[in-house]
Amino acid sequence: MKAQIKTSKTRITIASLYLGIGPLEQELVDTLEETLRCLDSSDLHVSILLDYTRGSRGRNNSRTMLLPLLRRFPDNVRVSLFHTPHLRGLLRLLVPERFNETIGLQHMKIYLFDDNIILSGANLSDSYFTNRQDRYVLFQGCSELADFFSDLVGAVSEVSLQLQPDDTVQAEEGMEHPYEGDKTKYCEAASEKVMGVIEDARRRQYEKRSTNFQSERSASNIEPPDTWVYPLVQMKPFGIQIDELVTETLLTEAERGDQLYLTTGYFNLTQGYMDLLLGTRADYNILLAAPEVNGFFGAKGIAGAIPAAYVHIEHQFYNEVCRHGQQMRVKLREYYRDLWTFHAKGLWFYSAGTDLPCLTLIGSPNFGYRSVHRDLEAQIALVTENEELQQQLHKVRLLFGRQMSSYPEGDHT
């Protein structure tokens with residue numbers, strides 16, 4: 001990311017749940033400052049989108065990390081803090097810090113540098129830079145994809161609170177306030193902005209396909225594409241559920257002999273996903289975080305009980321698998337790596353009779369209730385016929401497999 005920042009000329013767009021406060025995160029901020037200082041300040045614009053509640057937690061937080069940058073380059077740096085419209089009134093006053101984050105979050109992880117873009121499930125925190133397992137994909141020189149995600153982050157930023165140099169926040173002029181204004185009006189305005197980005201992208205792709213079709217008819221030497229990237233957005237608070245519909249379709253259409261590998265750091269499938277998974281004929285291999293590699297393992301207070309809660313959910317699901325007699329078709333495994341934590345999420349799809357995946361999902365959703373109903377999420381479906389790329393996707397999946405043990409093993413069961 002530091003290398004990408006240093007070579008950026010026109011735009012840097014960052015969307016994450018939060019920015020940590022350690023020395024590695026400070027290096028990232030320092031790199032942004034150095035790049036802004038070295039370039040013609042009128043050319044490079046930095047847009048950062050974080051979650052309000054997570055980014056404001058504690059005395060030292062994401063906001064205090066970014067304030068010096070905002071104060072030094074007020075014309076080039078924008079810091080937006082998304083505040084869920086569902087956290088308001090008495091609920092906002094009574095629910096304490098940390099617990100207020102369960103109501104809804106900005107959860108997208110998008111790191112964009114000119115026309116290069118990293119899509120991930122990882123946040124900007126030291127653990128992700130050192131010993132927290134996650135997934136990342138880098139697209140280089142993909143202007144259309146970068147434009148889409150830049151516009152998407154821009155749309156959410158417009159309906160978010162804007163951080164000011166004095167550490168206050170304010171809504172964009174003319175925009176309904178997320179928790180003080182009318183909730184329905186706010187959600188409708190937000191939906192209109194985000195759907196505007198999606199519809200514009202659809203229109204541009206339709207026009208490009210039409211142009212390409214005419215070109216291909218007149219030029220026989222044009223190679224057809226072998227890889228397609230489909231951005232998937234899930235923002236249920238705004239009535240947008242594209243990712244949910246695509247995921248349900250994948251689970252529904254999977255045939256006997258197909259193999260699906262699904263991984264999540266926080267196993268809490270929605271009832272709809274569970275019903276589809278148990279009702280289809282494909283083979284499923286689900287990789288979960290062992291309690292010891294859950295990010296909350298060993299935490300103080302109530303948070304320390306979270307790994308045990310996920311184990312309980314896993315047991316409930318496994319019992320349901322057994323009740324349906326699906327143990328041979330649906331297999332659960334746990335990821336364990338000493339001194340590491342596990343945060344990876346995604347899906348690999350292997351068609352019947354093939355040894356390599358033709359599709360993968362990669363991004364921020366965890367396939368759980370919060371991802372579907374409460375948070376703002378984005379990922380991509382990458383579909384490919386390119387054997388070299390399929391080999392790379394397969395290799396990543398196998399790397400996770402080296403740290404697996406079959407469920408249910410271990411003392412915690």
Side-chain angles (χ1 to χ4, degrees), residues 119 121 135 137 205 209 224-234 241-264 267-288 313-314 316-335 344-363 365-369 371-372 377-401 404 406-407:
L119 296 173
R135 297 176 69 204
V137 59
Q205 287 297 302
R209 281 199 302 270
D226 60 12
T227 302
W228 299 262
V229 178
Y230 299 89
L232 307 176
V233 178
Q234 183 73 13
Q241 53 196 96
I242 298 169
D243 182 67
E244 178 186 4
L245 295 173
V246 171
T247 302
E248 286 180 348
T249 301
L250 280 173
L251 299 181
T252 302
E253 298 296 329
E255 297 286 347
R256 188 185 304 276
D258 293 340
Q259 292 192 71
L260 284 82
Y261 291 80
L262 187 150
T263 183
T264 174
F267 184 75
N268 184 23
L269 295 181
T270 65
Q271 190 62 49
Y273 288 168
M274 282 195 286
D275 291 343
L276 289 172
L277 195 149
L278 291 172
T280 56
R281 297 177 294 175
D283 294 329
Y284 285 86
N285 292 271
I286 303 174
L287 178 60
L288 317 168
I313 293 170
E314 293 165 22
Q316 287 184 314
F317 177 74
Y318 188 71
N319 289 338
E320 195 72 7
V321 169
C322 295
R323 191 174 70 83
H324 284 79
Q326 303 284 346
Q327 304 95 302
M328 299 303 294
R329 190 179 64 81
V330 180
K331 298 178 181 178
L332 280 70
R333 290 178 169 81
E334 291 185 339
Y335 178 100
K345 66 270 294 187
L347 181 148
W348 293 259
F349 186 99
Y350 293 68
S351 296
T354 62
D355 296 323
L356 298 175
C358 61
L359 176 149
T360 191
L361 300 180
I362 181 169
N366 277 301
F367 306 105
Y369 180 85
S371 289
V372 172
E377 306 278 12
Q379 67 175 343
I380 57 160
L382 191 154
V383 183
T384 184
E385 297 172 346
N386 184 297
E387 187 172 344
E388 183 179 355
L389 180 54
Q390 289 178 339
Q391 290 279 7
Q392 290 178 319
L393 298 175
H394 180 64
K395 182 180 178 182
V396 170
R397 206 269 303 164
L398 290 179
L399 285 173
F400 288 152
M404 291 194 307
S406 295
Y407 187 89

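Everything numeric here is computed off the predicted structure, so don't read it as measured data.
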Any donor-acceptor N or O pair under 3.5 Å, side chains Asn386, Gln390: no
Point-to-point distance, once rounded to the nearest 0.5 Å, from CG of Leu269 to CZ of Phe267: 4.0 Å
Steps toward side-chain contact (heavy atoms from CB on, under 4.5 Å) verdict (Leu288, Arg333): CA-CA 6 Å; Leu288 317 168; Arg333 290 178 169 81; over 6 Å; no
N/O donor-acceptor pair under 3.5 Å between Lys345 side chain and Gly121 backbone: yes
Polar side-chain atom of Thr270 near backbone of Tyr369 as donor-acceptor pair, under 3.5 Å: no
Distance-minimising heavy-atom pair for Arg329 and Leu277: NH2-O, 3.0 Å
Under 3.5 Å donor-acceptor, Asp258 side chain and Ala282 backbone: no
Heavy-atom side-chain contact between Ile380 and Leu361 under 4.5 Å: no
Spatial distance of atom CG (Leu332) from atom CG (Leu287) [nearest 0.5 Å]: 9.5 Å
side-chain contact (heavy atoms from CB on, under 4.5 Å) evaluation trace for Tyr350 with Tyr261: CA-CA 8 Å; Tyr350 293 68; Tyr261 291 80; 3.6 Å; yes
Where Glu314 and Glu334 come nearest, the two heavy atoms and their spacing: OE1-OE2, 3.3 Å
Euclidean distance, Glu387 CD relative to Cys358 SG, rounded to 0.5 Å: 13.0 Å
Flag, side chain of Asn366 to backbone of Gly368, donor-acceptor distance under 3.5 Å: no
Asn319 side, atom CG; His324 side, atom NE2 - distance, nearest 0.5 Å: 12.0 Å
Residues forming a side chain to side chain donor-acceptor pair (under 3.5 Å) with Thr227, sequence neighbours excluded: Thr384
Verdict with reasoning, Asp283 to Gln259, per side-chain contact (heavy atoms from CB on, under 4.5 Å): CA-CA 5 Å; Asp283 294 329; Gln259 292 192 71; 4.3 Å; yes
Heavy-atom side-chain contact between Leu389 and Leu382 under 4.5 Å: yes
Heavy-atom side-chain contact between Leu251 and Tyr273 under 4.5 Å: yes
Qualifying side-chain hydrogen bond (donor to acceptor under 3.5 Å, both in side chains) pairs, either residue in residues 351-363, two or more places apart: Arg135-Thr360
Over all atoms of both residues, closest heavy-atom pair of Leu278 and Glu320: CD1-CG, 3.6 Å
side-chain contact (heavy atoms from CB on, under 4.5 Å) between Val372 and Phe367, intermediate numbers included: CA-CA 7 Å; Val372 172; Phe367 306 105; over 6 Å; no
Val233 side chain reached by Glu377 side chain, heavy atoms, under 4.5 Å: no
Pairwise distance CG(Leu232) to OG1(Thr247) - rounded to 0.5 angstrom: 7.0 Å
Exercise: identify the closest heavy-atom pair between Val383 and Leu359: CG2-CD1, 3.7 Å
Donor-acceptor pair, side chain of Arg397 and main chain of Gln392, under 3.5 angstrom: no
Donor-acceptor contact below 3.5 Å, side chain Gln234 vs main chain Glu244: yes
Close side-chain approach of Val396 and Trp348, heavy atoms under 4.5 Å: yes
Gap separating the CD atom of Glu253 from the CG atom of Leu276, nearest 0.5 angstrom: 10.5 Å
Donor-acceptor contact below 3.5 Å, side chain Glu385 vs main chain Asp226: no
Phe317 vs Ile286 side-chain heavy atoms within contact, under 4.5 Å: yes
